[in-house]
Participant: 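My questions will all concern the structure given below.
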Amino acid sequence: MASVNKVIIVGNLGRDPEIRYMPSGDAIANIAVATSYRSKDRNTGEQKELTEWHRISFFGRLAEIVGQYLKKGSSVYVEGRLQTRKYTDKDGVERYATDIIAEQMQMLGGRQGMGGGDSMDDGGYDAPPQRQAPAPRPQMAPPAPAAPRPAPRPAPNFSDMDDDIPF
């Protein structure tokens with residue numbers, strides 16, 4: 001029997017990314033993303049908004065990109081998988097936590113704080129496959145300079161037109 005473990009989250013960061021490095025030098029980034037659900041209360045007719053927080057972990061080059069470009073309030077699209085881990089808290093109680101392990105990420109919105117309000121058309125980023133050496137990633141190129149615009153044409157003078165329009 002086939003199975004699928006896939007998560008898609010579109011939301012906003014609630015705090016700046018936390019970046020750590022493993023002894024091997026690989027980066028790990030953790031973020032908290034908020035998503036909202038709006039519904040109407042059946043009894044009162046009042047709109048309610050429920051906010052859900054998601055813990056997301058990034059590894060390798062994708063973690064470095066997250067640390068470099070994302071900040072609190074950034075909008076982000078993330079694809080990944082759910083992973084539940086078991087741990088013992090400081091009181092000795094066993095607990096479970098479910099995190100999203102990111103496989104792809106795309107920054108949404110404009111370049112806030114990065115030199116203007118241009119939209120980001122550089123696409124998403126894929127995480128390198130686990131248990132394989134990461135492929136070299138191309139560096140993000142700066143936006144190409146805008147082509148020179150032609151001189152504006154003078155507005156047409158409609159008073160010179162003949163009134164005998166055939167339609």
Side-chain angles (χ1 to χ4, degrees), residues 1-115 117-141:
M1 181 168 123
S3 64
V4 175
N5 181 355
K6 184 163 186 135
V7 177
I8 297 174
I9 297 290
V10 177
N12 297 319
L13 273 69
R15 62 178 185 262
D16 288 339
E18 297 172 5
I19 309 298
R20 295 175 293 150
Y21 291 89
M22 296 190 288
S24 65
D26 290 338
I28 301 172
N30 293 307
I31 63 173
V33 174
T35 58
S36 296
Y37 173 76
R38 291 189 180 133
S39 65
K40 193 174 194 178
D41 188 300
R42 291 183 185 183
N43 297 327
T44 64
E46 183 180 331
Q47 286 279 22
K48 296 189 318 185
E49 183 172 356
L50 301 171
T51 300
E52 186 75 30
W53 288 93
H54 310 276
R55 288 187 308 245
I56 304 175
S57 298
F58 298 84
F59 296 92
R61 178 70 180 129
L62 193 55
E64 293 172 5
I65 292 168
V66 165
Q68 187 175 3
Y69 293 104
L70 296 182
K71 63 181 182 176
K72 180 179 179 178
S74 297
S75 295
V76 68
Y77 168 94
V78 177
E79 285 186 32
R81 60 184 168 84
L82 290 177
Q83 181 173 313
T84 302
R85 57 188 165 89
K86 179 177 160 181
Y87 66 97
T88 305
D89 69 8
K90 62 184 175 186
D91 298 326
V93 177
E94 286 187 352
R95 299 202 180 263
Y96 292 88
T98 301
D99 297 326
I100 297 169
I101 306 302
E103 295 168 353
Q104 293 184 352
M105 180 273 297
Q106 185 168 1
M107 296 171 275
L108 304 175
R111 292 182 179 212
Q112 301 155 348
M114 293 196 298
D118 300 335
S119 66
M120 297 193 62
D121 293 328
D122 53 359
Y125 296 94
D126 295 341
Q130 293 188 8
R131 297 188 189 100
Q132 293 181 0
R137 298 270 179 206
Q139 295 294 323
M140 287 181 54

Participant: Determine the sole option in I100, V78, I101 for which the side chain to side chain contact (heavy atoms under 4.5 Å, CB included) test with F58 is passed.
Facilitator: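 Only match with F58 under side chain to side chain contact (heavy atoms under 4.5 Å, CB included): V78.
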Participant: How would you list all residue pairs meeting salt bridge (charged side-chain N to carboxylate O under 4.0 Å, His left out) that involve residues 87-97, not counting sequence neighbours?
Facilitator: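 Applying salt bridge (charged side-chain N to carboxylate O under 4.0 Å, His left out) to every pair that reaches into residues 87-97, excluding sequence neighbours, yields K86-E94, D89-R95.
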Participant: For H54 and T35, which heavy atoms make the closest approach, and how far apart are they?
Facilitator: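 Heavy atoms only, the tightest pair is NE2-OG1, 2.8 Å.
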Participant: For R55, check salt bridge (Lys or Arg N to Asp or Glu O under 4.0 Å) against everything at least two apart and list the hits.
Facilitator: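 R55 satisfies salt bridge (Lys or Arg N to Asp or Glu O under 4.0 Å) with D99 once adjacent residues are dropped.
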Participant: Under the side chain to side chain donor-acceptor pair (under 3.5 Å) test, which residues partner T98, sequence neighbours left out?
Facilitator: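 Testing T98 for side chain to side chain donor-acceptor pair (under 3.5 Å), a comparison that skips the adjacent residues, returns T84.
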Participant: Please name the pair of heavy atoms, one in A29 and one in A63, separated by the smallest distance, quoted to 0.1 Å.
Facilitator: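 Minimum heavy-atom contact is N-CB, 3.5 Å.
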Participant: Hey, what do you get for CG (L82) to CG (N5), rounding to the nearest 0.5 Å?
Facilitator: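 Taking CG in L82 and CG in N5, the distance rounds to 5.0 Å.
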Participant: Return all side-chain donor-acceptor pairs below 3.5 angstrom for residues 6-19, not counting sequence neighbours, or 'none' if the list is empty.
Facilitator:
residue, atom, partner, partner atom, Å
K6, NZ, E79, OE1, 2.9
N12, OD1, S75, OG, 2.7
R15, NE, E18, OE2, 3.4
D16, OD1, K72, N, 2.7

Participant: Over all heavy atoms of both residues, which pair between V66 and M105 is shortest? Give the atoms and the distance, please.
Facilitator: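 Between these two residues, the closest heavy atoms are CG2-CE, 4.0 Å.
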Participant: Looking only at side chains, do Q83 and R85 share a donor and an acceptor under 3.5 Å apart?
Facilitator: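 Note: Q83 and R85 side chains miss the donor-acceptor criterion.
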Participant: For residues 40-53, which residue pairs qualify under salt bridge (charged side-chain N to carboxylate O under 4.0 Å, His left out), counting only residues two or more places apart or in two chains?
Facilitator: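 Counting only pairs at least two positions apart or across chains, the salt bridge (charged side-chain N to carboxylate O under 4.0 Å, His left out) contacts touching residues 40-53 are R38-E49.
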Participant: Just wondering, are more than 12 heavy atoms of other shown residues or ligands nearer than 6.0 Å to OH in Y87?
Facilitator: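 Yes - once you tally the heavy atoms of other residues, nucleotides and ligands closer than 6.0 Å, there are more than 12.
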